[in-house]
Each structure stands twice: as structure tokens, then as C-alpha cells.
Amino acid sequence: MSLVLTVDGERWRSHLRGFAERHPGLVPVAKGNGYGFGLGRLARKAAWLGVDTLSVGTYDELGEVANRFDGSLLVLTPWRPFGAALDLAPGSPLTRRVIHTVSRVEDLEALLARDPDARFVLERTTSMLRHGLSARDLRAAGALLAARGGLREQLRGVALHLPLAQGSHLGEVRRLMTDVVAADLATTTVWVSHLSEAEQGELAAAYPDYTFRPRTGTGLWLGDRSALRVTSTVLDVHPVERGEVFGYRGRSAPKPGTILVVSGGTAHGIGLEAPSGDLSLRSRAATLARGGLDAVGFVRSPFSIDGKQRLFAEPPHMQASMLFLPAGATVPAVGDLLDVRVRYTTTSFDDVVIS
Ligand SMILES: *Cc1c(COP(=O)(O)O)cnc(C)c1O
């Protein structure tokens, strides 16, 4: 009675391998709900790919990946002198595998005071304006490190988190690289997010002394949708007459049809999408005139039957949803599977089956 992600294993693995081959130095990102697959599964896949480093989003996520992947663990959320980062005991086996992201000069000092052997990358702010050092701060960090002998073994590189591409990133990266070069750091590695394959190639050619390492989640794990199928199961089928009452809200059927109860509800992340239709009064009146069900407040669901996304009969329940199927449509049987369109990063599947 579940919402299930079924993965065509051969196709998925061949995509993962091809992606890794096309992106030298790849650092897979496993964070949040593990892009629908779960963090542990992604950690094992990163080990299978043979990469040397896996990224997690937060310190809280380290525990879920650390015993499934034994390389370095880059934490994308910057280190701060508070919170879960302080749960890592200096010198512990796990701590020694972690690469921190440092985005403020005072944090660099505080991190090294707490753990003189800490490994880290210095994040430079980008047009994202999320976290990072300004050009001047990066030089200050460079000076601070130079005064300690450069810390070549511990400084693992500079990190650049770029916005999702609206055109090319190359101009911005070139400007940022000028700051990186000026900071005179004891590293030539640049960890980048959201660069295309072509951009990475051009940068590698433009800065032959530097190594660019792409940190990628979506394009890697979800890059071949044809390997993925999400299904719900039909749990119940109730033919209804016009005016018949159903649901938590005692709503009545606007016309004859079928109420379907299917697996998948709010607990899975179903139903959080806004209705896509035009909700203006005029268009509602037009739909009403055509007898359209969206005009009576039915919202499109992510569940499809006959290749068409069907309407919710009422808002999704915790683990199941009620759909309204107008008379004339093919009525599935209890136990049939329905395809579901989901956003993988916000969906909790009951099961992930990889063939
Ligand atoms: C989440 C994240 C990524 C990976 O993003 P995708 O769009 O899933 O590839 C890369 N870098 C940083 C800093 C991130 O937070």
C-alpha cells in the first residue's frame, strides 16, 4: 500500500558511470532526502563509482553516509562555531575524514583553534550570495594561512557555488578566479557547483594549473529519468452517482463517475504542488460552461490514468489520496499501479526498488 520508486538498475548505473566519466573529479552530492533514493543508498553508489569524496549538505547527515562510503566527506553548509559541527570531536576517525566549508575569516580562526588538523575548503561568494568570503576576505584568509605555513595538507581548495545556469557562468568564474589567484593560496583545486560539462572543459583549458571538481546531485542521480518510475497502488474503487457524498468534507460528486482511493498522500510529499490552471474568474466561468471539474474546485493530481493526470476528489490524506474519475474514463482495478509524477527531492517513498 505504498508509493514506490522503481529503478531500472542497469540503465541507472550506466548513466551514473557515463556521468562520472564525462565529469572528471566528480564529487557526488547526497543531501536532504537523498534525491528520493535515500542518503545511505547514494553513499553506497558513490563508493561503487569509486570517487574519493562525497558531499553532504549538513553535519547532521554525516552519520547516515559515513559507514557506507569510506572516503572524504565534504560538508556543504559552512562551518560555524555553534550547532552540529561541534559534535565532531577533534581527532576522531570521522572528523579526520571531514572536509569543512569555511565562509568567514573568523570561522577559519575558530575552526583551527578548535581543531588544528581540520581539513577545509574556503568558499568564495558568488552571485548566489548565499555564503562565502569576499575577494578581500579571501586574501585575508590567504594571509592568515600563509602565517601558519600555508597548511597545504589541510586546505583542500576553494569552493564556488554558482546559481543554476541562466546562460554561461564563465564570465563570473573568470572574475572569481582572479580573486583566487590573488589570494595566493597553497592550493590549486576549485570545487564548483552547477557548471556545465562544456564550462568545466573551458575552465580546465583556461586554467591548466588548476583542477576543477564538480559537485553534483541532480544531474547525477536524477539525470536519466527514463530509468525511474514512481507508482501508486489503487486501493479502492467506488462508483458514484451525481450528488453522492464522499470524503472528509462531505463533498458531493458533481457528475457520475468513480472515486478512486490510491496510495500516496501528504506524508509522502504528495499534493504540495500548486494547481497549474488559470484561476481567474473568467477562465473558471469558461471551464464551468464546458462542465470542467476544475471549475468546481477539483485540483489536478500527480496520479495518471490513461496518460492523463487525474483530479483530486479532495485534498490528499496522510497516506492515501481520493481521485475523481468522470464516467467514460477507463476505471482501474484494485491492485493496479498508477504512474505518479513527483518532485524527487521532496518525496518520501515507502520503498525504492532497484532492479
Ligand atoms: C545542493 C548543492 C549542490 C548540488 O546541487 P544539484 O543542483 O542537486 O546538483 C552543489 N553545491 C552546493 C553548495 C549545494 O548546496
Side-chain angles (χ1 to χ4, degrees), residues 5 12 15-39 41-43 45-46 49 51-62 64-65 69 71-80 83-85 98-104 107 119-133 138 156-169 172-173 176 180 189-200 203 211-225 227-228 269 342-347:
L5 168 59
W12 192 49
H15 160 75
L16 297 180
R17 254 214 215 298
F19 192 96
E21 277 161 16
R22 292 192 306 277
H23 295 82
L26 175 70
V27 182
V29 174
K31 65 182 180 188
N33 70 343
Y35 293 82
F37 300 93
L39 294 175
R41 190 171 281 107
L42 297 189
K45 273 290 167 285
L49 277 172
V51 297
D52 63 3
T53 307
L54 173 68
S55 269
V56 292
T58 63
Y59 286 93
D60 299 293
E61 292 167 340
L62 287 170
E64 278 194 69
V65 302
F69 173 83
S72 293
L73 299 168
L74 171 70
V75 182
L76 295 169
T77 300
W79 187 89
R80 291 285 186 260
V98 167
I99 300 175
H100 303 277
T101 295
V102 171
S103 70
R104 303 188 302 172
D107 290 343
R119 300 190 304 161
F120 56 92
V121 295
L122 295 176
E123 179 157 358
R124 168 75 177 93
T125 34
T126 68
S127 58
M128 276 278 288
L129 215 59
R130 194 155 90 173
H131 303 293
L133 301 151
L138 192 63
R156 309 307 297 172
V158 174
L160 304 176
H161 185 192
L162 298 157
L164 293 171
Q166 317 270 339
S168 171
H169 291 114
E172 175 168 12
V173 177
L176 295 168
V180 172
T189 303
V190 182
W191 308 67
V192 290
S193 305
H194 301 134
L195 275 191
S196 70
E197 226 167 289
E199 288 172 328
Q200 205 192 329
L203 283 172
T211 304
F212 294 90
R213 303 202 57 180
R215 303 178 297 181
T216 310
T218 307
L220 175 65
W221 310 120
L222 299 172
D224 184 357
R225 296 296 166 102
L228 312 177
V342 299
R343 227 173 120 182
Y344 291 86
T345 49
T346 58
T347 306

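Start at 1 and go down the list; that is how both ligands and their atoms are numbered.
Taking a 4.0 Å cut-off on heavy atoms, Tyr35 registers as neighbouring ligand 1.
Every atom of ligand 1 is numbered from 1 in the order shown, and the set under 4.0 Å from a heavy atom of Arg130 is 15 (O). Near Leu76, meaning under 4.0 Å from any of its heavy atoms, are these atoms of ligand 1: 2 (C), 12 (C), 13 (C), 14 (C), 15 (O).
Residue-level proximity to ligand 1 for Glu123 is absent, since no heavy atom of it falls below 4.0 angstrom. Of the heavy atoms in Thr218, both backbone and side-chain atoms come closer than 4.0 Å to ligand 1.
Remark: side-chain polar atoms of Arg213 are paired, donor with acceptor, to backbone N or O of Gly25 under 3.5 angstrom. Counting only distance, with no hydrogens or angles, the side chain of His131 and the backbone of Arg104 share no donor-acceptor pair below 3.5 Å. For Gln200 (side chain) and Phe212 (main-chain N/O), a donor-acceptor pair under 3.5 Å exists by modelled atom type.
Of all heavy-atom pairs spanning Leu133 and Val102, the tightest one is CD1-O, 4.2 Å.
Side-chain contact between Leu49 and Phe19 is absent, with no heavy atoms from C-beta onward closer than 4.5 Å.
The nearest protein atom to atom 9 (O) of ligand 1, hydrogens excluded, is given as Gly217 N, 2.8 Å; this is a heavy-atom distance. At the top of the distance list for atom 5 (O) of ligand 1, counting protein heavy atoms only, stands His194 NE2, 3.2 Å. At the top of the distance list for atom 11 (N) of ligand 1, counting protein heavy atoms only, stands Ser193 OG, 2.7 Å. Nearest protein heavy-atom neighbour of atom 15 (O) of ligand 1: Lys31 NZ, 2.8 Å.
Ring geometry for Trp221 versus Trp12: interplanar angle of 30 to 60°, hence tilted.
If you take OG1 on Thr218 and CG on Leu164, they are separated by 8.0 Å, rounding to the nearest 0.5 Å.
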